Visitor: 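Okay, here's the structure, questions in a sec.
Just so you know, ligand 1 is whichever comes first in the structure, and atom 1 is the first atom listed for that ligand. Remember, it's a predicted structure, so these values are computed and weren't measured experimentally.
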Amino acid sequence: MLRTFKHFFFALLGVFALHVTLAQDQEGFISIDCGRPYNSSYTEKKTQLIYVPDTNLIDSGESHSILSEYKDDYQQQLWYLRSFPQGIRNCYKINNIRNGTKYLIRASFLYGNYDGQDTAPGFDLYLGSNFWDSIKLKDAANSLEKEIIHVLVQNYLHVCLVNRGFGTPIISAIELRPLNLSYYKAQTGSLALVNRFDTGSDNPYRYPYDVHDRFWYLYNSNDNWLNISTSLPVESDDDTFQLPSDVMSTAVTPKRANDPLEFWLPDDDNTTQYYVYMHFAEVQKLQPNESREFTVSHDGELFKPRSPDYLQSTTVYSSTGLTGGQLFKISKTANSTLPPILNAFEVYAVKEFLQSETLDRDADAMTKLKSSYGIKKNSWQGDPCTRGYLWDGLNCSYAGYDPPTIIYLNLSSSGLTGEIPHFISNLSNIQILDLSNNSFTGIVPEFLSWLPELTALHLEKNNFTGSLPVGLLQKSKDGLLSISMDENQDPCAMSLSCKKKKNKINNFVIPIVASVGGIFVLLLTASAIRWGLKRKQRDTKSLSQNGPLESVKRQFTYNEIAEITNNFDKSIGKGSFGTVYRGKLGNTQVAVKMLSESSVQGYREFLTEVQLLMRVHHRNLTSLVGYCNAETSLGLMYEYMAKGNLQEVLSGKSTSETLNWEDRLRITMEAAQGLEYLHYGCRPPIIHRDVKTTNILLDKYMLAKLSDFGISKTFPTDTRTHMTTEVVGTPGYLDPEYYRSYRLNEKSDVYSFGVVMLEIITGRPPFLHKFQEKIHISDWVTFMLERGDMTSIVDARLEGNFDTSSAWKAMEIAMNCVSSKPTQRPTMNQVVAELKECLATRNDNAHTESRENSIELSPSAR
Ligand SMILES: *[C@@H]1O[C@H](CO)[C@@H](O)[C@H](O)[C@H]1NC(C)=O
Ligand SMILES: *[C@@H]1O[C@H](CO)[C@@H](O)[C@H](O)[C@H]1NC(C)=O
Ligand SMILES: *[C@@H]1O[C@H](CO)[C@@H](O)[C@H](O)[C@H]1NC(C)=O
Ligand SMILES: *[C@@H]1O[C@H](CO)[C@@H](O)[C@H](O)[C@H]1NC(C)=O
Ligand SMILES: *[C@@H]1O[C@H](CO)[C@@H](O)[C@H](O)[C@H]1NC(C)=O
Ligand SMILES: *[C@@H]1O[C@H](CO)[C@@H](O)[C@H](O)[C@H]1NC(C)=O
Ligand SMILES: *[C@@H]1O[C@H](CO)[C@@H](O)[C@H](O)[C@H]1NC(C)=O
Ligand SMILES: *[C@@H]1O[C@H](CO)[C@@H](O)[C@H](O)[C@H]1NC(C)=O
Ligand SMILES: *[C@@H]1O[C@H](CO)[C@@H](O)[C@H](O)[C@H]1NC(C)=O
Ligand SMILES: *[C@@H]1O[C@H](CO)[C@@H](O)[C@H](O)[C@H]1NC(C)=O
Ligand SMILES: *[C@@H]1O[C@H](CO)[C@@H](O)[C@H](O)[C@H]1NC(C)=O
């Protein structure tokens with residue numbers, strides 16, 4: 001029934017003169033010329049439509065030109081095509097379009113014997129995950145178009161071609177035209193074009209005649225019909241179907257006045273629903289004694305009689321779907337003097353697109369993964385979870401009509417490098433993640449432990465360094481997650497037992513610290529070390545940003561250290577261990593702690609421990625960047641912490657601004673996470689033994705990092721639950737139980753942390769001079785609480801600007817930490833969990849969440 005596109009464009013050529021005057025607004029049009037081997041867009045001569053190349057919308061397929069003998073018959077956008085000899089499914093992804101927009105989407109195909117085989121192919125066309133139509137091209141010379149009216153459910157659109165074994169799929173053009181949501185509306189589903197006829201006409205029309213660029217095809221001659229027309233323009237309401245005057249100015253009428261005009265709906269299957277739009281306009285000036293009135297009927301249904309206005313369009317359509325095979329009859333009424341007319345009509349079939357596309361977050365993560373690694377796998381096209389066309393290495397879960405989600409991702413042996421990309425954390429339903437046998441470097445990121453469904457994590461055969469995040473270890477310990485990570489750079493450093501070949505880390509035990517003496521004790525008694533506060537100059541780059549941590553050597557000679565510190569010219573701190581200097585390693589600011597000669601002994605132990613410490617990486621621990629082990633000079637090089645230590649910030653010494661409550665909570669949380677990591681994330685665990693506000697340093701983003709953790713504590717080789725050791729630490733922070741019994745375990749750190757929290761809440765030092773005596777902050781707080789005087793506990797400089805519920809919660813945590821009995825103190829795991837709740841109460845009405853995100857992304861966060 002359809003006349004071909006060839007005729008269509010051939011005819012359009014004849015009325016070219018009109019174009020310039022008619023060319024108008026193409027707003028929202030997207031016109032893609034598929035396979036055009038040039039990068040620039042162009043204006044098509046006949047339609048004035050602007051076509052863009054398809055190069056950015058697809059990364060597969062080949063560009064071809066149709067044979068020149070076919071070009072003359074067609075507009076330019078059909079001169080080239082993209083063919084897909086590789087892969088079963090190939091997809092275009094059209095971005096930058098808005099969810100909820102209704103589009104007329106048209107795909108055009110012209111074989112044009114581009115391959116000289118003279119065999120026109122057949123294949124399937126998909127819109128996203130849903131089958132749209134089968135394409136069977138007749139021959140080289142005739143084009144085929146498929147149109148559908150579809151409301152977007154995403155901010156992008158996939159158009160896919162699927163090879164069915166009947167030749168190589170091709171495509172010539174894709175066009176999107178926005179439509180008003182109020183028209184062409186099916187009760188459910190999208191409307192695929194079956195026919196669109198401009199009856200009585202011998203010219204086909206599209207844009208610019210039709211503002212929506214609908215293609216109006218010619219209706220083949222019907223012997224029973226007569227053509228009638230007007231040369232006057234026919235109006236169409238601006239906000240309805242916006243029918244072109246040229247289409248509406250021609251019509252058909254039955255040859256015998258009393259006959260009806262008839263057409264049939266397709267009857268190839270009885271499940272398809274059809275929507276029919278009949279467009280009428282009177283084209284003859286009626287005499288006073290003339291009338292034209294008719295009814296439209298189908299399958300017993302009858303529309304009320306119509307008398308179209310002169311030169312004014314009107315459309316008759318049913319608002320519900322109709323079954324196929326029906327006869328449409330347009331018949332004159334008894335008192336009408338003229339036969340019925342029909343100017344144009346359209347028939348659409350409903351396509352129910354039931355397959356949801358992959359959950360947006362998941363699809364987005366996969367797209368980023370694909371583009372950031374330039375992954376070129378044939379199957380990695382279109383929607384990742386399309387049934388039957390799953391991306392290679394993926395598996396999805398499908399629950400009813402809900403968007404599918406990714407539950408399995410296998411990137412094994414894909415040649416991937418760099419750190420594990422953060423967007424993997426958006427795959428929130430993933431159960432099995434296999435990253436093995438790549439060249440991933442850096443630390444295993446903490447966000448992997450946030451994936452709630454993850455049950456298996458394969459990290460083996462990579463170059464990961466550092467320890468596993470505490471969250472992962474905990475899950476593994478709880479039997480929720482199996483982790484395999486053999487054959488990494490140094491599996492021992494990753495907190496896994498080297499001896500065990502088992503993939504599952506089940507019996508995670510926390511052996512408590514054993515002893516080492518020597519220089520470390522000296523070091524830990526060091527008084528406050530100030531790293532560069534009040535310096536005018538600021539870092540231009542943070543340490544971790546440019547990766548000197550991993551890529552640059554870490555052992556330095558004395559001369560190199562001298563050079564780095566510019567001959568030790570900027571001393572920024574002093575203690576019994578020696579002096580701290582500021583220096584520059586490349587573009588990175590560092591703090592170099594030189595141990596005084598008197599403390600240089602047992603440097604082999606020093607080295608062993610330094611090497612272990614170099615692998616302890618956590619965003620809330622200052623990193624050891626390097627060390628110097630010249631026989632007479634031992635030095636340690638740390639990242640430089642621009643904002644100094646917490647004590648200075650709290651006391652207001654370093655800045656005139658009072659630290660606000662949100663930042664206090666955040667810093668508390670960050671310090672707690674650093675300490676938690678030492679206790680639970682490192683194997684063997686590390687006890688800090690000198691947790692205090694001067695050892696909590698702040699980088700230029702005010703991100704808190706616990707420092708000195710490597711020096712003041714020691715590493716066990718057995719699993720004793722405590723150890724006896726000399727009492728070390730700082731008065732005021734020292735666990736009274738430890739002081740009494742000399743028995744050290746991680747609860748001593750918890751006590752000190754409780755003191756730190758009290759300082760943060762109250763803004764007061766560990767010892768207060770009150771009531772003519774020196775009293776400990778915990779006793780003072782107890783006293784105030786007993787008096788019921790809660791408000792005066794919180795730092796007065798906050799001027800009441802704090803969230804009371806989070807303040808009381810924090811106070812409760814702190815007081816539990818300073819319980820005199822170690823068994824009554826929480827573990828750092830519990831502290832972190834409680835602080836999270838505390839932050840959550842704050843977050844209900846605050847912005848802490850965004851703050852957290854920004855920290856995660858800041859260059860110094862690890
Ligand atoms: C199109 O641009 C890309 C890079 O933007 C370039 O590699 C390619 O050669 C260009 N192709 C043509 C035909 O100019
Ligand atoms: C698109 O819009 C629909 C309906 O408004 C909504 O249900 C859906 O979540 C939106 N999808 C995206 C990706 O925004
Ligand atoms: C009406 O116009 C069509 C298209 O130009 C043509 O094919 C057909 O023969 C015409 N019918 C009559 C009866 O002239
Ligand atoms: C869509 O049609 C409705 C009803 O005719 C009209 O009110 C609205 O302005 C139209 N929207 C656009 C974007 O043209
Ligand atoms: C549709 O067609 C099939 C086969 O021709 C037939 O079995 C079925 O009853 C029909 N259904 C309806 C609703 O007519
Ligand atoms: C209408 O009137 C004209 C003369 O004015 C006449 O020629 C014609 O036959 C009439 N038509 C009908 C249907 O009566
Ligand atoms: C035709 O007749 C009916 C009544 O039988 C009347 O309501 C209608 O207006 C008439 N139509 C015309 C066009 O005269
Ligand atoms: C994908 O998951 C389904 C259901 O869990 C399972 O039956 C199927 O074997 C999985 N396919 C692959 C390739 O893992
Ligand atoms: C991932 O794929 C590789 C090879 O394709 C296979 O050997 C391995 O078992 C897969 N991993 C998982 C967890 O299924
Ligand atoms: C995760 O998904 C959200 C929502 O789609 C997006 O805003 C965010 O940027 C994504 N995160 C990453 C790291 O890609
Ligand atoms: C790990 O890194 C070393 C040296 O940096 C390199 O030789 C080795 O091939 C890497 N291993 C993997 C699995 O990428």
Side-chain angles (χ1 to χ4, degrees), residues 93-103 127-129 150-158 181 185 188-190 353-373 375 377-380 383-385 390-396 400-416 418-438 440 445-462 481-487 503-504 849-850 852-858 861:
K93 184 174 186 183
I94 299 162
N95 284 310
N96 301 325
I97 49 183
R98 266 214 335 276
N99 184 19
T101 312
K102 181 184 266 186
Y103 275 109
L127 203 57
S129 312
H150 176 71
V151 179
L152 295 185
V153 290
Q154 253 136 351
N155 292 321
Y156 53 84
L157 180 74
H158 284 124
L181 281 172
K185 213 157 115 184
T188 62
S190 304
F353 286 167
L354 299 178
Q355 269 279 295
S356 296
E357 299 222 346
T358 306
L359 189 71
D360 225 42
R361 281 166 66 98
D362 287 20
D364 184 47
M366 291 308 296
T367 307
K368 286 183 182 156
L369 191 64
K370 179 181 166 183
S371 60
S372 68
Y373 284 109
I375 295 176
K377 297 194 186 187
N378 278 336
S379 66
W380 280 41
D383 189 65
C385 290
L390 272 174
W391 285 16
D392 206 23
L394 277 194
N395 205 354
C396 300
Y401 295 146
D402 288 345
T405 61
I406 294 165
I407 54 169
Y408 168 94
L409 174 59
N410 189 344
L411 293 172
S412 176
S413 316
S414 301
L416 307 181
E419 301 198 344
I420 297 183
H422 194 273
F423 39 78
I424 289 213
S425 65
N426 263 0
L427 298 175
S428 47
N429 291 290
I430 191 137
Q431 295 166 6
I432 299 173
L433 178 59
D434 190 339
L435 303 174
S436 63
N437 200 15
N438 285 296
F440 281 115
E446 199 176 347
F447 61 71
L448 291 177
S449 63
W450 306 338
L451 297 168
E453 310 288 335
L454 194 65
T455 55
L457 178 60
H458 299 265
L459 302 172
E460 65 266 27
K461 299 188 187 157
N462 277 293
L481 174 65
S482 90
I483 307 175
S484 56
M485 49 187 322
D486 289 343
E487 295 181 55
N503 279 352
K504 212 166 180 166
E849 195 161 341
S850 61
E852 286 238 304
N853 288 343
S854 70
I855 286 167
E856 199 52 54
L857 297 171
S858 79

Visitor: Looking at Phe440, is its backbone amide N or carbonyl O close enough to the side chain of Asn462 to form a donor-acceptor pair, meaning the two atoms are under 3.5 Å apart?
Guide: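 Yes; at least one donor-acceptor contact below 3.5 Å.
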
Visitor: Would you say ligand 9 has an N or O under 3.5 Å from any N or O of Asp434?
Guide: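 Asp434 vs ligand 9: N/O contact under 3.5 Å present.
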
Visitor: Would you mind checking which non-hydrogen protein atom is closest to atom 9 (O) of ligand 10, with the distance to 0.1 Å?
Guide: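 Here the closest protein heavy atom is Lys368 NZ, 3.9 Å.
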
Visitor: For atom 3 (C) of ligand 2, what is the closest protein heavy atom, and at what distance to 0.1 Å?
Guide: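 For atom 3 (C) of ligand 2, the nearest protein heavy atom is Asn99 ND2, 3.7 Å.
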
Visitor: Determine, stepwise, if the pair Leu433 / Leu448 fulfils side chain to side chain contact (heavy atoms under 4.5 Å, CB included).
Guide: CA-CA 10 Å; Leu433 178 59; Leu448 291 177; 3.8 Å; yes

Visitor: Students should be able to answer this: which protein heavy-atom is nearest to atom 4 (C) of ligand 9, and at what distance?
Guide: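 Looking only at protein heavy atoms, the one closest to atom 4 (C) of ligand 9 is Asn410 ND2, 4.6 Å.
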
Visitor: Can you confirm whether some protein heavy atom lies under 4.0 Å from atom 11 (N) of ligand 2, or whether none does?
Guide: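 Answer yes: something from the protein, a heavy atom, is under 4.0 Å.
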
Visitor: Taking 4.0 angstrom as the limit and counting only heavy atoms of Asn426, give me the atoms of ligand 10 inside it, by number and element.
Guide: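 That gives atoms 1 (C), 2 (O), 3 (C), 8 (C), 10 (C), 11 (N), 12 (C), 14 (O) of ligand 10.
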
Visitor: Do we see a donor-acceptor contact under 3.5 Å between the side chains of His150 and Ser190?
Guide: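 Distance-only check passes for His150 and Ser190.
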
Visitor: On the 0 to 90° scale, with breaks at 30° and 60°, tag the Trp380-Trp391 ring pair as parallel, tilted or perpendicular.
Guide: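 Trp380 and Trp391: parallel rings.
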
Visitor: Compute the shortest N/O to N/O distance between Gly100 and ligand 2 and return yes if it is under 3.5 Å, no if not.
Guide: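 By distance alone, the answer is no.
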
Visitor: What is the nearest protein non-hydrogen atom to atom 5 (O) of ligand 10, stated with its residue, atom name and distance?
Guide: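 The answer is Arg361 CG, 3.7 Å.
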
Visitor: Counting each atom of ligand 2 from 1 as listed, which ones have a heavy atom of Asp360 under 4.0 Å away?
Guide: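 So the atoms of ligand 2 that pass are 13 (C).
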
Visitor: Near Tyr408, which atoms of ligand 9 are under 4.0 Å from a heavy atom of that residue?
Guide: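 Per the distance check, 1 (C), 10 (C), 11 (N), 12 (C), 14 (O).
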
Visitor: What atoms of ligand 10 come closer than 4.0 angstrom to any heavy atom of His422?
Guide: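 Ligand 10 atoms under the 4.0 Å threshold to His422: 13 (C).
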
Visitor: If only atom types and distance count, is the side chain of Thr455 paired as donor or acceptor with the main-chain N or O of Gln431 below 3.5 Å?
Guide: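 Yes, the answer is positive, given that a donor and an acceptor are paired below the 3.5 Å cut-off.
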
Visitor: Does NZ in Lys370 sit with more than 12 non-hydrogen atoms of other residues, nucleotides or ligands closer than 6.0 Å?
Guide: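 Counting neighbours around NZ of Lys370, more than 12 heavy atoms of other residues, nucleotides or ligands fall under 6.0 Å, so yes.
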
Visitor: With heavy atoms only and a cut-off of under 4.0 Å, state how Val153 meets ligand 2: side chain, backbone, both or neither.
Guide: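 Only the backbone of Val153 comes within reach of ligand 2.
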
Visitor: Of Asp434, Ile483, Asn410, which meets side chain to side chain contact (heavy atoms under 4.5 Å, CB included) against His458?
Guide: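 Single pass found, and it is Asp434.
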
Visitor: Could you tell me if Asp383 and Ser129 have a donor-acceptor pair between their side chains, going purely by distance under 3.5 Å?
Guide: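 Yes, Asp383 and Ser129 have a side-chain donor paired with an acceptor closer than 3.5 Å.
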
Visitor: Checking side-chain polar atoms at under 3.5 Å, does Ser414 have a donor or acceptor matched by the opposite partner on Asn438?
Guide: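 On atom types as modelled, these side chains do not qualify, holding no pair under 3.5 Å.
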
Visitor: Can you confirm whether some protein heavy atom lies under 4.0 Å from atom 14 (O) of ligand 2, or whether none does?
Guide: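 Yes; the ligand atom in question has protein heavy-atom contact below 4.0 Å.
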
Visitor: Within the 4.0 Å heavy-atom shell around His458, which atoms of ligand 9 are there?
Guide: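 Every atom of ligand 9 under 4.0 Å from some heavy atom of His458: 13 (C).
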
Visitor: Any protein heavy atom lying closer than 4.0 Å to atom 7 (O) of ligand 9?
Guide: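 For atom 7 (O) of ligand 9 the answer is no, since every protein heavy atom stays at 4.0 Å or beyond.
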
Visitor: Got more than 12 heavy atoms from elsewhere within 6.0 Å of CG, Asn96?
Guide: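 Incorrect, the count does not exceed 12.
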
